[in-house]
Amino acid sequence: MIRPILHYPDPRLKQNGQNVSDITGDLVTFVDDLVATMYNAPGIGLAAIQVGIPQRIIVVDINHEEPGKDLLRLINPVITAREGSIIWEEGCLSVVDYTAEVKRAAKIELTAWTPDEKEITFQAEDLLAVALQHEIDHLEGKLFIDRISRLKRELYTRKVKKLIREGRPLEARKGQAAI
Ligand code: NI
């Protein structure tokens, strides 16, 4: 089931995700919904917070050539190590019509649970590392625009307020590699 994606400045995007305490059938179905919603958008990552469910669940697939091949479905993800830095032009399915350069760790190590109840540890770099850090930020109520300068954020906020005033729908622009 495709779920509606929340858009900034929806206050629900500021919620903190709770740790999942049990992987139930309903939870696995919800993760499938998140995957379907991400591909439908289309985007390369989506966090449960973005569809209004404050739980620590993210899905990421940066492989546009073969969707599903490298799909990650992560429950209670935790970054355990960070190395180096990288600047990437980010967009977000919850932040319409906007991209900005964000600095993040270039390489990370992460542990998480999968829907089939396996605990996994792996490393990621470049775009995958960026996408994972971006999604984990969502679980802490943080958007990439919280990581840019105050002036840039203020200008973007004004633009969104104008869109809302004009009654324009806050739909993410298609074709943008939104995370
Ligand atoms: Ni995002």
Side-chain angles (χ1 to χ4, degrees), residues 1-18 20 30-64 67 70-79 82 85-106 108 110 112 124-150 152-157 159-161 163-164 169-179:
M1 188 179 84
I2 310 280
R3 306 224 177 190
I5 295 174
L6 306 178
H7 297 112
Y8 173 82
D10 193 309
R12 286 172 289 177
L13 289 166
K14 284 194 178 290
Q15 296 178 94
N16 258 306
Q18 301 296 310
V20 172
F30 170 69
V31 176
D32 289 343
D33 286 357
L34 265 189
V35 171
T37 305
M38 171 181 74
Y39 286 138
N40 177 66
I44 60 169
L46 191 65
I49 289 278
Q50 291 177 276
V51 297
I53 305 293
Q55 292 202 300
R56 293 187 63 88
I57 305 169
I58 62 172
V59 295
V60 170
D61 188 355
I62 62 162
N63 186 346
H64 272 300
D70 300 323
L71 171 64
L72 291 168
R73 293 171 295 173
L74 305 176
I75 297 162
N76 301 342
V78 176
I79 295 172
R82 298 165 199 265
S85 70
I86 189 171
I87 292 173
W88 205 279
E89 176 108 18
E90 296 187 21
C92 176
L93 295 173
S94 294
V95 178
V96 300
D97 279 352
Y98 193 66
T99 61
E101 288 188 337
V102 180
K103 188 176 170 188
R104 300 196 186 264
I108 57 170
L110 202 125
E125 53 187 29
D126 300 328
L127 175 57
L128 183 58
V130 168
L132 289 163
Q133 290 170 87
H134 176 119
E135 293 316 325
I136 289 170
D137 265 2
H138 276 301
L139 302 182
E140 273 128 42
K142 209 174 269 179
L143 299 170
F144 79 91
I145 52 173
D146 294 317
R147 294 190 178 277
I148 61 178
S149 75
R150 212 178 132 193
K152 280 189 181 171
R153 187 168 53 250
E154 186 56 37
L155 291 173
Y156 177 67
T157 302
K159 180 177 156 177
V160 170
K161 282 183 181 155
L163 288 174
I164 294 171
L170 294 179
E171 283 298 324
R173 192 184 291 162
K174 298 271 179 189
Q176 164 187 317
I179 315 175

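Each ligand, and each atom within it, is numbered from 1 in the order the structure gives. Hydrogens, waters and symmetry mates are skipped; everything else that's a heavy atom, side chains included, is used.
- Residues satisfying the salt bridge (charged side-chain N to carboxylate O under 4.0 Å, His left out) criterion with D32, sequence neighbours excluded, are R73.
- Annotation: E140, atom CD; neighbour count of heavy atoms from other residues, nucleotides and ligands within 6.0 Å is above 12.
- For L6, the side-chain contact (heavy atoms from CB on, under 4.5 Å) partners at least two apart in sequence or on another chain are D10, R12, L13.
- Ionic pairing of E90 and R104 is present here: one or more N-O contacts between side-chain nitrogen and carboxylate oxygen are shorter than 4.0 angstrom.
- Closest of all the heavy-atom pairs between C92 and A178 is C-CB, 3.8 Å.
- With sequence neighbours excluded, the residues that form a side-chain contact (heavy atoms from CB on, under 4.5 Å) with E101 are I87, E89.
- Around the Ni ion (ligand 1), protein N, O or S atoms at a distance under 2.8 Å total 4; waters are neither shown nor counted.
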